Amino acid sequence: MTEFLLSVHVLVAIVTVGSITVAASMFPRIALRACGSSGDGSSAAGEGRGGRSEGTGTAVLLHRVCTGYAVAGVVVPVFGIATGAQLGVLTDAWLIVSLVLTVAAAALLGLAVLPGQRRLLALAEGAAAEEDARPVASRLSMTTGMFNVLWAVVVVLMIVRPGSTTGA
């Protein structure tokens, strides 16, 4: 049973967190480019469906990936805790720190990254100039980088498991 729980935990983590990490990292640049291409009605990126520029459409898609996989990502700590319980390591420091960092990453995603994406999307869809959107994109890039670093630390803790007695 432990192998099943661990397999689901790792596979869902790779699919959900990996997708969020990539999409969220690409989003600020794509959304900023959409702002720059939609000022005078002549879109350098071309028009997509609904009169939306191709860059804006791509930014919308990246935002949907982030929000959709964020919901699905709830499964990751659920199966992680179940695996930890099976292994008897729920009180180990490495797992507690990993859980705290996971909660911090989830909070950062839900309270800063996704709202920042919505703000930048609103600017892109409202035909804002690239100069007006640049501070929002820069802040979002920094916040997304912090989110990515938190997940990188969690991955390292999961692999190294400092102080673990279950073997490495």
Side-chain angles (χ1 to χ4, degrees), residues 1-34 48-49 52 54-122 124 136-168:
M1 183 61 142
T2 304
E3 291 84 10
F4 170 75
L5 293 172
L6 183 58
S7 296
V8 171
H9 171 68
V10 171
L11 287 172
V12 174
I14 290 169
V15 170
T16 59
V17 177
S19 297
I20 293 168
T21 300
V22 171
S25 296
M26 293 173 62
F27 181 88
R29 181 176 46 86
I30 298 295
L32 190 60
R33 189 175 342 151
R49 282 190 299 189
R52 180 182 276 167
E54 186 178 318
T56 304
T58 303
V60 168
L61 175 65
L62 292 172
H63 178 63
R64 284 185 186 156
V65 167
C66 291
T67 56
Y69 282 106
V71 172
V74 171
V75 173
V76 175
V78 169
F79 276 86
I81 291 169
T83 303
Q86 284 286 115
L87 292 172
V89 295
L90 286 179
T91 58
D92 285 8
W94 65 270
L95 186 59
I96 294 168
V97 171
S98 294
L99 285 170
V100 168
L101 292 176
T102 298
V103 169
L108 194 59
L109 180 65
L111 299 173
V113 174
L114 295 176
Q117 287 181 349
R118 284 191 290 274
R119 277 191 296 279
L120 199 50
L121 266 179
V136 176
S138 295
R139 193 170 27 261
L140 181 57
S141 293
M142 177 195 65
T143 307
T144 300
M146 292 166 44
F147 171 80
N148 294 344
V149 167
L150 285 172
W151 278 117
V153 172
V154 169
V155 168
V156 169
L157 285 172
M158 292 287 141
I159 293 169
V160 175
R161 299 180 303 174
S164 175
T165 59
T166 60

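Not measured: the values here are computed from a predicted model.
- For the atom pair CE (M26) and OG1 (T144), the distance works out to 12.5 Å, reported to the nearest 0.5 Å.
- For the side chain to side chain contact (heavy atoms under 4.5 Å, CB included) criterion with H63, the lone passing option out of T67, V60, L61 is T67.
- Put simply, the side chain of L95 reaches to within 4.5 Å of the side chain of M158, judged on heavy atoms.
- Taking each heavy atom of N148 and S25 in turn, the nearest pair found is ND2-OG, 2.9 Å.
- Put simply, CD on Q117 and CD1 on I30 are 12.0 Å apart, with the number rounded to the nearest 0.5 Å.
- Closest approach of G116 to V136, counting heavy atoms only: O-CG1, 4.3 Å.
- Heavy atoms only, all atoms of each residue included: L157 and S98 are closest at CB-OG, 3.4 Å.
- Inter-residue side-chain proximity for V113 and C66 is flagged as unmet; no heavy-atom pair is nearer than 4.5 Å.
- In terms of heavy-atom proximity, A104 sits nearest to L150 at C-CD1, 4.0 Å.
- Closest approach of V76 and H9 over heavy atoms only: O-ND1, 2.8 Å.
- Between atom CD of residue E3 and atom CD of residue Q86 there is a gap of 9.5 Å, rounded to the nearest 0.5 Å.
- To the nearest 0.5 Å, atoms CG (L120) and CZ (R29) are separated by 12.5 Å.
- Applying the side chain to side chain donor-acceptor pair (under 3.5 Å) test to every pair with at least one member in residues 11-24, sequence neighbours left out, gives no pairs at all.
- At least one side-chain heavy atom of I81 sits less than 4.5 Å from a side-chain heavy atom of L99.
- Contact of the I20 side chain with the W151 side chain is not registered, since no non-hydrogen atoms from C-beta on lie closer than 4.5 Å.
- In terms of heavy atoms, L121 sits closest to A59 at CD2-CB, 3.8 Å.
- In this structure, V160 and W94 have side chains that are not in contact, with every pair of non-hydrogen atoms separated by 4.5 Å or more.
- The closest side-chain heavy-atom distance from V10 to F79 is not below 4.5 Å.
- Rounded to the nearest 0.5 Å, atoms CG (L114) and CG (L109) are 4.0 Å apart.
- Remark: L87 CG to D92 CG distance equals 9.5 Å, nearest 0.5 Å.
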